[in-house]
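Notes follow once the structure below has been shown.
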Amino acid sequence: MNKKQTGWFAGILLLAQISVADVINGDFESFTNNVPDNWTTIDSGISVSQSTTAYQGSSAASIVVNTSTQSSTDFLQSIAVRSGESYDFSVWVYHTEGNVRARLIVDGYQSFSDNQITHQWQQLSYRYTASSNGSINVGLRFYDEAGFDGSEEVMVDLFEPTSGNPSCANNLNVSLLTDNYGSETSWTLMSGNTQIGSGNGYSSNTQYSDDFCLSNGNYVFTIQDEYGDGICCNYGSGNYQLTVDGTTLASGGQFNSVESVSFTLPSSGSGNDYDGYYENATGLNGYALKTALHTIISGHSTQSYSSLWTFFSSHEKDNYYENDGTILDIYSENPSNSDPYNYTATNDQCGTYVNEGDCYNREHAFPRAWFGGAVAPMNTDIHHIFATDGKVNSYRSNYPFGTVGSASFTSRNGSQLGFSDAGLGYSGTVFEPIDEFKGDLSRAYFYMATRYQNEIGNWEKNTTNSDAVLNGTSDQVFENWLLVTLKKWHSDDPVSQKEIDRNDAAYAFQNNRNPFVDHPEFVTMIWGD
């Protein structure tokens, strides 16, 4: 809480333009001669300098403790407070070796840091209520522990309430509800090889919450269950949820021993305007626009094939029709009535299947046989991979999408396989999804044509069906009959909230977006009406 000064208070001296209870230079962005500005007490047992290992912003304070005499290790400044008002003080510390502890000072000695937590940031906090108008000391004192060798570095950042504190780029919340065996659950949050946060030793059937201020970049959240049955639903109803600024990145609870979620921040970019993510596409049309979009969305973070299950568990859920949280299988979903069957995330993954309704699979809408098999990054590109019933997926095989004239198979939600309609412009076997998802799949195809435009012209002869679909070019990409079909499906089935949410989740998952979900008009701007 920042209490701004509004005047002079009787009996105390306040410096002009200094905010009540504000820690000046608490973000440690301002140094003079490598000494942090406004920190007036730096005891003889410590040395302080500027560090780029920051919790937030571009710099932090590096405090090297050089003595085991704790009374010589204070790091302080004096701030003004107002009688009867409460202030939330906090600071982030980062231990490099773990043989000293930091203790928060707010008008006296408050909480200690956990010196066993090394190479990650941890927060100390204290709510202070002033008993009178005046000034108090805030800061830190350092205490040696067993193993202290006479010199140890601790980083300090974001001492709040902070004057001039920069805004947080991404506010991440990790919410965890444990199951009947909370002690079996643990998690880590990593940025590259750096551990940002972790949790373990939990009580059972208890809600926990941790907040992190994260800079833009790539992260991996991993949750583990020691017994190997996840945290839902065999022994309780545990779950976890990751949110950034109120938007859910991932959630779940049904897994075996471990589940990992990779995400990139910012999580949604500026996908809905030309000034952000698509800035370099401004003013372009036709295949020049397609090439610009190719450049923007190429080079995404390739994920593992197994991580697709994790994406499905978190983001391929029915929060739009029955809103029951089951897997949203586009080959069984009944948008206007009850589904013929439902799948529970993780538990119902294929596996083997005999009948429709046995399990759900990872369906490459753009069949992987067309691009040569399990080839990266196409094989794990989530923008064209959907959760579908395993048996229906096998019927679809690698046949083209199209309009069926005479069906040889119809799934329980009405998806069909059969000979093409006479007016399609193609005579062969095609697979036709229900109308609700035709636009989704067409936009996935336009994405593939754009993301892989430098390669897709060479895929035409890989199979008979890819030859029927692709025209061997990098610009139009598709044969005329399919291009007409895709544009019609795109027009008849506009972008839904489900697609928008999935696109945001895909961006967090692999760090690129589907332009044709963000900007449906790109289709006609590139391929015409």
Please answer whether the main-chain N or O of [Y] pairs with a side-chain N or O of [X] as donor and acceptor at a distance below 3.5 Å.
X	Y	value
Trp481	Ala468	yes
His294	Thr450	yes
Lys438	Thr485	no
Asp348	Asp358	no
Thr282	Glu279	yes
Glu432	Val430	no

Hey, does the Lys NZ or Arg CZ of [X] hover above the aromatic six-ring of [Y], less than 6.0 Å from the centre and inside 45° of the axis?
X	Y	result
Arg502	Phe386	yes
Arg513	Tyr507	yes
Arg362	Tyr305	yes

State yes or no: are the ring centers of [X] and [Y] separated by less than 6.0 Å?
X	Y	value
Tyr202	Tyr208	yes
Phe221	Trp187	yes
Tyr278	His519	yes
Tyr399	Phe431	no
Phe401	Tyr445	yes

What's the spacing between [X] [atom1] and [Y] [atom2] if we round to 0.5 Å?
X	Y	atom1	atom2	result
Ser491	Trp489	OG	CH2	13.5 Å
Trp92	Gln56	CH2	CD	10.0 Å
Glu521	Phe516	CD	CZ	10.0 Å
Phe446	Ile526	CZ	CD1	9.0 Å
Glu333	Asp339	CD	CG	4.0 Å
Asp329	Ser415	CG	OG	8.5 Å

Kindly indicate, with the supporting measurements, whether the criterion salt bridge (charged side-chain N to carboxylate O under 4.0 Å, His left out) is fulfilled by Lys498 and Asp440. CA-CA 9 Å; Lys498 167 186 145 333; Asp440 305 51; 3.1 Å; yes
Min side-chain heavy-atom separation [X]-[Y] under 4.5 Å:
X	Y	value
Val258	Ile223	no
Lys487	Trp527	yes
Leu172	Thr243	no
Asn471	Leu483	no
Val375	Arg368	no
Ser204	Tyr235	no
Tyr321	Pro335	yes

Are a donor atom and an acceptor atom from the side chains of [X] and [Y] found within less than 3.5 Å of each other?
X	Y	value
Tyr447	Asn512	yes
Thr291	Gln453	yes
Asn256	Asp229	no
Asn413	Asn334	no
Thr295	Asn280	no
Asp518	Asn503	yes
Asp389	Tyr343	yes

For Asp381, which of Arg451, Gln510, His364 qualifies under side chain to side chain donor-acceptor pair (under 3.5 Å)? Gln510
Give me the ring orientation class for Trp370 and Phe366: parallel if the planes are under 30° apart, tilted from 30 to 60°, perpendicular past 60°. perpendicular
On the 0 to 90° scale, with breaks at 30° and 60°, tag the Trp459-Tyr452 ring pair as parallel, tilted or perpendicular. tilted
Work out which heavy atom in [X] is nearest to a heavy atom in [Y]; give both atom names and the distance.
X	Y	value
Ser237	Cys232	CA-SG, 4.2 Å
Ser420	Ser427	OG-CA, 3.4 Å
Thr344	Ile327	C-CG1, 4.3 Å
Thr206	Thr178	N-OG1, 2.9 Å
Asn514	His383	N-CE1, 3.4 Å
Met378	Ile385	O-CD1, 4.4 Å

Thinking salt bridges, do Glu356 and Arg412 make one under a 4.0 Å N-O criterion? no
Could you tell me whether Asp324 and Lys317 make a salt bridge, using a distance below 4.0 angstrom between a side-chain N and a carboxylate O? no
Heavy-atom neighbours of Phe419 CZ exceed 12 at 6.0 Å: no
Whether over 12 other heavy atoms sit under 6.0 Å from Tyr181 OH: no
ring-ring contact (aromatic ring centres under 6.0 Å, His included) for Tyr360 and Trp309? Distances and angles first, verdict last. CA-CA 10 Å; Tyr360 70 95; Trp309 292 127; 5.5 Å; yes
